[in-house]
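Below: the structure, in structure tokens.
Everything numeric here is computed off the predicted structure, so don't read it as measured data. Each ligand, and each atom within it, is numbered from 1 in the order the structure gives. All residue numbers refer to positions in the sequence shown, counting from 1.
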Amino acid sequence: MIKIAPSILSADFSRLGEEVERLESEGADWVHVDVMDGVFVPNITIGPSVVKAIRPRTAVPFDVHLMITSPERYIEQFADAGADCITVHVEATDDVKGAIDMIHGLGKKAGLSLNPETPFSAAEPYLGHIDLLLVMTVHPGFGGQSFMPVGLPKIAAARERLDALGSEAELEVDGGINCDTGRQCIAAGASVLVAGSALFKCPDMGAEMNLWRTFRREGADSQDS
Ligand code: DX5
Ligand code: ZN
């Protein structure tokens with residue numbers, strides 16, 4: 001089943017609690033939270049205290065994407081704030097396995113993310129240990145950028161390896177996702193679409209997400225879920 005994770009980076013930050021409630025009423029599968037530190041990426045967004053403040057406003061799982069250097073410094077704080085899945089970047093730490101173990105030790109799902117220029121091979125040693133692989137299709141830092149097609153072969157390679165391993169890990173894609181690019185990513189084997197600007201500017205976000213849920217993997221039977 002395809003999951004849709006709207007990114008609150010495109011929400012109205014002055015009304016973040018209401019925006020999160022709205023995502024639940026529109027039928028979002030996850031709330032995607034983009035955390036930036038001004039070092040790993042050239043932007044600063046939200047920290048654990050904001051996550052903690054908005055967490056009680058919905059029962060929808062929080063998918064926290066840490067675009068921060070040495071994420072192990074803050075994993076526990078985001079876990080305590082109510083993150084359900086915590087994703088770290090392979091480029092952001094010298095001890096990827098240690099970060100994954102730390103997330104699991106706190107009882108949370110662990111994700112690993114790849115920047116557009118990072119080859120899939122960088123994630124390969126960890127595939128058996130993660131719950132989610134996040135393929136970035138923009139340079140992280142800002143919403144509203146254009147999709148980089150370089151992500152498509154990476155998604156296809158990841159899908160092949162995850163299937164070969166019998167892994168149930170989600171394969172998430174993030175950056176420049178709209179109806180057209182989302183369809184291409186699902187066709188290539190993605191299972192979760194993150195989208196900020198395309199969904200938040202949509203007059204009917206719920207209907208748009210329902211449309212995206214009809215996308216199918218290339219070669220899949222149209223009756224499959
Ligand atoms: C980019 C973030 C994305 C971003 C997506 O650094 O990780 O989650 O918010 O925004 P859109 O969908 O507008 O590209
Ligand atoms: Zn993100």
Side-chain angles (χ1 to χ4, degrees), residues 2-13 16 19-20 23 26 28-48 50-51 54 60-69 71 74-75 78 83-92 103 108-118 123 130-152 154-155 170-186 190-203 205 208-209 211-212 215:
I2 293 163
K3 293 186 177 71
I4 314 291
S7 165
I8 57 168
L9 191 58
S10 295
D12 178 348
F13 273 24
L16 214 41
E19 291 279 68
V20 165
L23 292 184
E26 299 282 4
D29 296 287
W30 294 347
V31 172
H32 185 83
V33 182
D34 285 310
V35 176
M36 307 185 189
D37 67 351
V39 178
F40 184 70
V41 291
N43 195 5
I44 299 177
T45 55
I46 66 179
V50 175
V51 173
I54 59 175
V60 174
F62 269 35
D63 171 34
V64 175
H65 177 191
L66 298 184
M67 287 161 276
I68 67 176
T69 297
Y74 289 100
I75 285 169
F78 282 100
D84 296 276
C85 180
I86 299 176
T87 295
V88 299
H89 270 259
V90 71
E91 307 89 358
I103 296 166
K108 307 298 180 179
K109 293 197 167 161
L112 189 60
S113 183
L114 297 171
N115 276 340
E117 63 278 7
T118 304
I130 56 177
D131 304 290
L132 177 147
L133 181 66
L134 170 52
V135 174
M136 290 304 300
T137 42
V138 296
H139 290 120
F142 300 92
Q145 302 180 74
S146 295
F147 178 81
M148 297 169 71
V150 69
L152 290 169
K154 206 184 284 184
I155 293 166
E170 300 282 2
L171 180 49
E172 183 175 56
V173 60
D174 182 6
I177 297 299
N178 55 33
C179 190
D180 179 40
T181 58
R183 189 189 306 271
Q184 295 173 49
C185 291
I186 295 295
S191 61
V192 185
L193 298 176
V194 175
S197 45
L199 286 178
F200 276 90
K201 73 179 180 210
C202 223
M205 188 193 289
E208 187 72 7
M209 290 195 288
L211 171 65
W212 294 11
F215 299 160

OG1-CG distance between T87 and D174, expressed to the nearest 0.5 angstrom:
9.5 Å
Separation of I103 CD1 from K109 NZ (nearest 0.5 Å):
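It is 13.0 Å, given to the nearest 0.5 Å.
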Any side-chain to backbone donor/acceptor pair from [X] onto [Y]? Under 3.5 Å, distance only.
X: S191; Y: E170; result: no
X: K108; Y: A83; result: yes
X: K154; Y: M136; result: no
X: N43; Y: G141; result: yes

Sort out the contact shell of ligand 1: every protein residue with a heavy-atom distance below 4.0 Å, listed by chain and number.
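For ligand 1, the residues that come within the 4.0 Å heavy-atom cutoff are S7, L9, H32, D34, M36, H65, M67, M136, P140, G141, F142, G143, G144, D174, G175, G176, V194, A195, G196, S197.
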Not counting sequence neighbours, which residues clear salt bridge (Lys or Arg N to Asp or Glu O under 4.0 Å) with D29? List them please.
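With neighbours one apart ignored, the set is R213.
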Taking 2.8 Å as the upper limit, name the protein N, O or S atoms near the Zn ion (ligand 2).
H32 NE2, D34 OD1, H65 ND1, D174 OD2
Are there more than 12 heavy atoms of other residues, nucleotides or ligands under 6.0 Å from atom CZ of F200?
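Atom CZ in F200 is crowded, with more than 12 foreign heavy atoms closer than 6.0 Å.
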With sequence neighbours excluded, tell me which residues meet ring pair (Phe, Tyr, Trp, His ring centres under 6.0 Å) with H89.
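Residues passing ring pair (Phe, Tyr, Trp, His ring centres under 6.0 Å) with H89: F40, H65.
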